[in-house]
There are 2 protein chains.
Amino acid sequence: MNRALFEHLFAVKGIKMTEQRWIIIQAVGDSRDHPDADQVTMRTKAIDPDIGIATVYRTLTLLADLDIIQQHDFGDGRARYEIQNDHHHHLIDVDTGQIVEFKDAQLEEIKSRIAKELGYDLTHHRLELYGRKKQNL
Amino acid sequence: MNRALFEHLFAVKGIKMTEQRWIIIQAVGDSRDHPDADQVTMRTKAIDPDIGIATVYRTLTLLADLDIIQQHDFGDGRARYEIQNDHHHHLIDVDTGQIVEFKDAQLEEIKSRIAKELGYDLTHHRLELYGRKKQNL
DNA sequence: CTAGCTGCAAAACATTTGCATTTCG
DNA sequence: CGAAATGCAAATGTTTTGCAGCTAG
């Protein structure tokens, strides 16, 4: 987590790097799970209790627009966030809520092929698998 | 839309077939788009103005549990519904909101392969593509 | 007859917004 | 200094719920 890096990224767009934003970036970046806005707020409040949830929401939206973080919806009624890593997808364990990340090159190809066939340029997409651990009978 | 069919399906589970439920089933079944709860309510109110939105929500949830309809989330903050048809996916036009349905056998294979590799049995999944119409330059 | 449904209005929830005050550059 | 960002609380929009009365089976 190199603050100067983000400062530069912001400066280019005329966006200010504030103490709050930096704390939020770190909170998401340090998370190995996929926290929702409330969890991000708790983690930032641990560092600076004065950061309000409105700022967290505003910042998360901003960071998502800048492709610094990714916003997900795993179907439980609130958005979840993670720092932008290499491209991957998620498999959600319906029993435990545990999230398994995976990559698949063939999947990416097919996605592009389908869009092409339909005459569209993809802007983004969403793919999640939901399942339960296979039983060894 | 055969009412007796659904009546039987309900009876097996000890669930009552009411006039309201039947109207809601038809409203969703007759829709060629992917209406949200509010749109379903308007369509049912056209037939019986006394049906409340609470009943619509309760019924949509019930029907989704019974796999009679499917619930989608296209990222605009409200759920959308469609009658359970043959399995397909959606491409959402980010400019117009138009929804294109598509099927792809290869995609289904890959999905199963991935789940298998990760040691999971799939219960369901979610795949949506978002894009804009290709320009002919 | 009675368990299950309904309609209404109120509650719950995540997210957004208006505005006065503060802060970054 | 001035534009942009913050914090608070109130507003929003969707979905859920409590409860008294209604209905299917």
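Labels below follow one simple rule: chain letters A, B, ... track the order of the sequence lines, proteins then strands, and each chain is numbered from 1. Worth saying up front: this structure is predicted, and the values here are computed from it rather than measured.
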Whole-Å distance between [N] [atom2] and [X] [atom1]?
{"X": "Leu60(A)", "N": "dT17(C)", "atom1": "CG", "atom2": "P", "answer": "15 Å"}
{"X": "Gln71(A)", "N": "dA14(C)", "atom1": "CD", "atom2": "P", "answer": "14 Å"}
{"X": "Phe10(B)", "N": "dA3(C)", "atom1": "CZ", "atom2": "P", "answer": "21 Å"}
{"X": "Ile23(B)", "N": "dT23(D)", "atom1": "CD1", "atom2": "P", "answer": "13 Å"}
{"X": "Phe6(A)", "N": "dG25(C)", "atom1": "CZ", "atom2": "P", "answer": "15 Å"}
{"X": "Arg3(A)", "N": "dG25(C)", "atom1": "CZ", "atom2": "C1'", "answer": "12 Å"}
{"X": "Trp22(A)", "N": "dG25(C)", "atom1": "CH2", "atom2": "C1'", "answer": "18 Å"}
{"X": "Asp50(A)", "N": "dC8(D)", "atom1": "CG", "atom2": "P", "answer": "6 Å"}

When the ring centroid of His89(B) is compared with that of His72(B), is the distance short of 6.0 Å?
no
Output field: ring centroids Tyr81(A)/His34(A) closer than 6.0 Å
no
For Pro49(A) and for Ile15(A), locate the closest nucleotide of DNA chain D by heavy-atom distance; then report the residue assigned to the nucleotide nearer the 5' terminus.
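Result of the comparison: Ile15(A).
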Answer with base, sugar-phosphate or nothing: what part of the nucleic acid does Ile51(A) contact at a heavy-atom distance below 4.0 Å?
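Here Ile51(A) touches the backbone only, sparing every base.
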Count the heavy atoms belonging to other residues, nucleotides or ligands that lie under 6.0 Å from NE2 of His8(A), then report whether that count exceeds 12.
no
Count the heavy atoms of every other residue, nucleotide or ligand shown that sit under 6.0 Å from NZ of Lys134(B), and state whether that count exceeds 12.
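Atom NZ in Lys134(B) is packed in, count exceeds 12.
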Check the phosphate of [N] against [X], side-chain N and O only, distance under 4.0 Å to OP1 or OP2. Yes or no?
{"X": "Thr18(A)", "N": "dT6(D)", "result": "yes"}
{"X": "Gln20(A)", "N": "dT23(C)", "result": "no"}
{"X": "Thr55(A)", "N": "dA5(D)", "result": "no"}

Spell out, as yes or no, whether a donor-acceptor pair under 3.5 Å connects the side chain of Lys45(B) to the backbone of Ile51(B).
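Such a contact is found between Lys45(B) side chain and Ile51(B) backbone.
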Between His88(A) and Asp86(A) (side chain of the first, backbone of the second, donor and acceptor by atom type, cut-off under 3.5 Å), is there such a pair?
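Checked: pair present.
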To the nearest 10°, let me know how far the axis at one end of the helix from dC1(C)-dG25(D) to dG25(C)-dC1(D) is tilted from the axis at the other, five pairs an end.
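Comparing the axis at each end, I get an angle of 40°.
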Just the atom pairs and distances: protein N or O near nucleotides 19-22 of chain C's N or O, under 3.5 Å.
none

If you only use heavy atoms from C-beta on, which nucleotide in dA24(D), dT6(D), dA3(D) is closest to the side chain of Lys16(B)?
dA24(D)
So do Tyr120(B) and Val100(A) actually touch side chain to side chain, heavy atoms under 4.5 Å?
yes
Looking at side-chain heavy atoms only, is the closest gap between Asp104(A) and Arg113(B) below 4.5 Å?
yes
Under 4.0 Å between a side-chain nitrogen and a carboxylate oxygen: does that hold for Asp73(A) and Arg80(A)?
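Looking at Arg80(A) together with Asp73(A), the answer is no, because their closest N to O distance does not fall below 4.0 Å.
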Are Lys16(B) and Glu7(B) within salt-bridge range, i.e. N to O under 4.0 Å?
no
All N/O contacts under 3.5 Å from nucleotides 11-14 of chain D to the protein, with atom names and distances to one decimal?
none

Option among Glu82(A), Gln39(A), Arg43(A) that satisfies the side-chain hydrogen bond (donor to acceptor under 3.5 Å, both in side chains) test with Ser31(A):
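One option only clears the test, and that one is Arg43(A).
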